[in-house]
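These numbers come from a predicted model, not from an experiment. Hydrogens, waters and symmetry mates play no part in the numbers below; they use all other heavy atoms, side chains included.
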Amino acid sequence: MRSVCFFMVYHDRPALTKMSIDDMSCAMQSLNNAGINVNGIVIGDSYNIAKFCEKLGIEHEMFENQPIADKFTYAWLRAIQKRCDYICWYGSNNVHHSGYWDVAIEKLMGNKVVTFGTRNCVIMSSDESQEWGCLF
């Protein structure tokens with residue numbers, strides 16, 4: 001079974017962040033329904049967002065926004081620690097058409113590749129021995 005860890009960092013803009021978390025939750029559910037093991041982590045500094053994540057069954061971790069590089073480093077390391085086949089960074093201002101995830105699922109269900117995504121969204125394998133990539 002393939003596995004993907006979604007992660008998102010956010011700061012302020014609670015309405016937009018909630019919309020993106022909800023969209024990420026839908027994407028996670030689509031992959032899960034296709035038989036792909038999915039984890040999700042949201043990282044930021046809002047207790048209201050933490051409660052929103054809890055309602056959706058998504059893990060939330062508190063982390064200050066400044067310096068932003070530390071927050072992103074922490075997020076990548078936490079995603080790597082999930083030991084999934086793939087890591088998918090999800091922006092806190094992103095919303096994707098469901099057709100995008102249908103194509104991603106199709107790619108994930110085929111031969112294992114280093115990446116799945118598009119030129120606008122690259123999702124890399126957590127397997128360091130793999131160096132080639134694939135765009136769809």
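- Screening residues 49-60 for side-chain hydrogen bond (donor to acceptor under 3.5 Å, both in side chains) gives Tyr10-His60, Glu59-Arg78, Glu59-Lys82 as the qualifying pairs, with residues at least two apart or on separate chains.
- A 4.5 Å side-chain heavy-atom check between Leu108 and Tyr86 finds at least one atom pair inside the cut-off.
- Closest approach of Gly91 and Ser20 over heavy atoms only: O-CB, 3.8 Å.
- Put simply, CG on Leu31 and CZ on Arg2 are 11.5 Å apart, with the number rounded to the nearest 0.5 Å.
- The distance from atom CD1 of Ile80 to atom CD1 of Ile87, rounded to the nearest 0.5 Å, is 4.5 Å.
- To the nearest 0.5 Å, the span separating CZ on Arg13 from CE on Met19 amounts to 9.5 Å.
- Hydrophobic clustering, with ILVMFWY side chains joined whenever heavy atoms are under 4.5 angstrom apart, keeps Met62 apart from Phe52.
- The CD1 atom of Ile21 sits 5.0 Å away from the CD1 atom of Ile49 when rounded to the nearest 0.5 Å.
- Residues that satisfy the side-chain hydrogen bond (donor to acceptor under 3.5 Å, both in side chains) test with Asp23, not counting sequence neighbours, are Tyr90.
- Among all heavy-atom pairs drawn from Ala34 and Ile105, the shortest one is CB-CG2, 3.5 Å.
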Please test Val42 against Met24 for side-chain contact (heavy atoms from CB on, under 4.5 Å), starting from the C-alpha separation and ending with a verdict. CA-CA 10 Å; Val42 175; Met24 185 176 86; 3.7 Å; yes
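- The heavy-atom pair separating Ile41 from Ile58 by the smallest distance is N-CG2, 4.3 Å.
- Checked by atom type and distance alone, the side chain of Thr17 pairs as donor or acceptor with a backbone atom of Asp12 at under 3.5 Å.
- Between Asn32 and Val38, the closest heavy-atom pair is N-CG2, 3.8 Å.
- Applying the side-chain hydrogen bond (donor to acceptor under 3.5 Å, both in side chains) rule to Asn33 yields the partners Gln29; only residues at least two apart in sequence or on another chain are considered.
- With hydrogens and angles ignored, the 3.5 Å screen pairs a side-chain donor or acceptor of Ser30 with a backbone N or O of Cys26.
- Atoms CD1 and CG, on Ile43 and Asn65 in that order, are 12.0 Å from each other to the nearest 0.5 Å.
- Taking each heavy atom of Met28 and Phe6 in turn, the nearest pair found is CG-CD1, 3.5 Å.
- When all heavy atoms are compared, the tightest approach of Asn39 to Cys84 is ND2-SG, 3.3 Å.
- Considering CH2 of Trp76 and CZ of Phe7, their distance stands at 4.5 Å, rounded to 0.5 Å.
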